[in-house]
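Presented below is the structure to which this report refers.
Counting from 1, the numbers follow the sequence of the chain as shown.
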Amino acid sequence: MMWACSRPAAAGAASKLGDLSDFRTIVVDTAGLVDKGDLPGAKTRIKDLETSWDEAEAGLKPRDASDWHMVDKAIDRALEALRASNPDAPTCKQALADLLTTMDRLSGAA
């Protein structure tokens, strides 16, 4: 059973993968940059997610490979949207929203 909290990220520890809140914070930061129209800044910030996710792979993937792949694919879609030769803000926003939904669902927050 989940209790009400002001931030869905607080439920990150419920994930089979462990606490995803640090990764989620980067996604939220990136989405904020997209909302401000700073796609170059968002592209730079999402690199932090890629790097930290890749560094954590060895510890996360064995916990639940299926969940890890779901998040990894959502991250890949967000990276692809932000790294497009002509990134489109609505596409980037949707990819980031989908990534947050995936993370929250696996964390039991959605």
Side-chain angles (χ1 to χ4, degrees):
M1 182 168 198
M2 214 172 109
W3 59 91
C5 62
S6 60
R7 287 184 44 181
S15 170
K16 293 177 195 173
L17 296 174
D19 185 359
L20 301 179
S21 62
D22 288 344
F23 303 112
R24 190 182 191 285
T25 296
I26 298 170
V27 178
V28 170
D29 290 351
T30 303
L33 291 166
V34 171
D35 287 343
K36 293 177 186 174
D38 183 4
L39 296 180
K43 181 179 174 182
T44 298
R45 182 65 173 134
I46 198 86
K47 177 69 175 168
D48 295 334
L49 176 63
E50 180 182 36
T51 301
S52 61
W53 183 254
D54 288 349
E55 288 172 354
E57 178 179 357
L60 295 175
K61 195 172 181 181
R63 294 180 186 182
D64 191 309
S66 176
D67 283 0
W68 183 88
H69 281 290
M70 285 177 35
V71 175
D72 191 61
K73 287 180 182 183
I75 290 171
D76 287 344
R77 287 188 291 273
L79 288 167
E80 182 179 322
L82 284 160
R83 291 177 174 166
S85 56
N86 290 308
D88 174 67
T91 301
C92 294
K93 284 182 188 184
Q94 187 60 57
L96 292 165
D98 292 347
L99 175 53
L100 286 173
T101 298
T102 299
M103 287 180 164
D104 289 347
R105 186 176 66 245
L106 295 177
S107 297

**OP:** Can you sort out the partners of Leu60 under side-chain contact (heavy atoms from CB on, under 4.5 Å), two or more places apart, ordered by chain and number?
**Re:** Leu17, Phe23, Trp53, Ala56, Arg63, Trp68
Original post:
Can you name the closest pair of heavy atoms from Ala74 and Thr102 and give their distance?
Top reply: CB-OG1, 4.1 Å
Subject >> N-O pairing of Asp104 and Arg24 below 4.0 Å >> reply: yes
**OP:** Hey, could you give me each pair passing side-chain hydrogen bond (donor to acceptor under 3.5 Å, both in side chains) that has a residue in residues 76-86? Not counting sequence neighbours.
**Re:** Glu50-Arg83
**OP:** Quick one: closest heavy-atom pair of Ala42 and Val34, and the distance?
**Re:** CB-CG2, 3.6 Å
**OP:** Nearest 0.5 Å please: distance from the CE atom of Met70 over to the CG atom of Asp67.
**Re:** 5.5 Å
**OP:** Look up atom CD in Gln94 and atom OG1 in Thr101, then write down how far apart they are to the nearest 0.5 Å.
**Re:** 8.0 Å
Original post:
Of the options Ile46, Leu49, Leu33, which is the one that meets Leu96 in a side chain to side chain contact (heavy atoms under 4.5 Å, CB included)?
Top reply: Ile46
Subject >> Partners meeting side-chain contact (heavy atoms from CB on, under 4.5 Å) with Ala81 (sequence neighbours left out) >> reply: Thr91, Cys92, Ala95
Original post:
Can you find a pair of side-chain heavy atoms, one from Ser52 and one from Ile26, that are under 4.5 Å apart?
Top reply: yes
Subject >> Step-by-step side-chain contact (heavy atoms from CB on, under 4.5 Å) determination, Lys16 to Leu106 >> reply: CA-CA 8 Å; Lys16 293 177 195 173; Leu106 295 177; over 6 Å; no
Original post:
Once you round to the nearest 0.5 Å, how far does OG1 of Thr30 lie from CG of Leu99?
Top reply: 9.0 Å
Original post:
For Asp29, which residues count as a salt bridge (Lys or Arg N to Asp or Glu O under 4.0 Å) partner, sequence neighbours excluded?
Top reply: Arg45
Original post:
Do any pairs count as a side-chain hydrogen bond (donor to acceptor under 3.5 Å, both in side chains) and have a residue in residues 31-41, sequence neighbours left out, and if so which ones?
Top reply: none
**OP:** With sequence neighbours left out, write down each residue that passes side-chain contact (heavy atoms from CB on, under 4.5 Å) with Ala84, or none if nothing qualifies.
**Re:** none
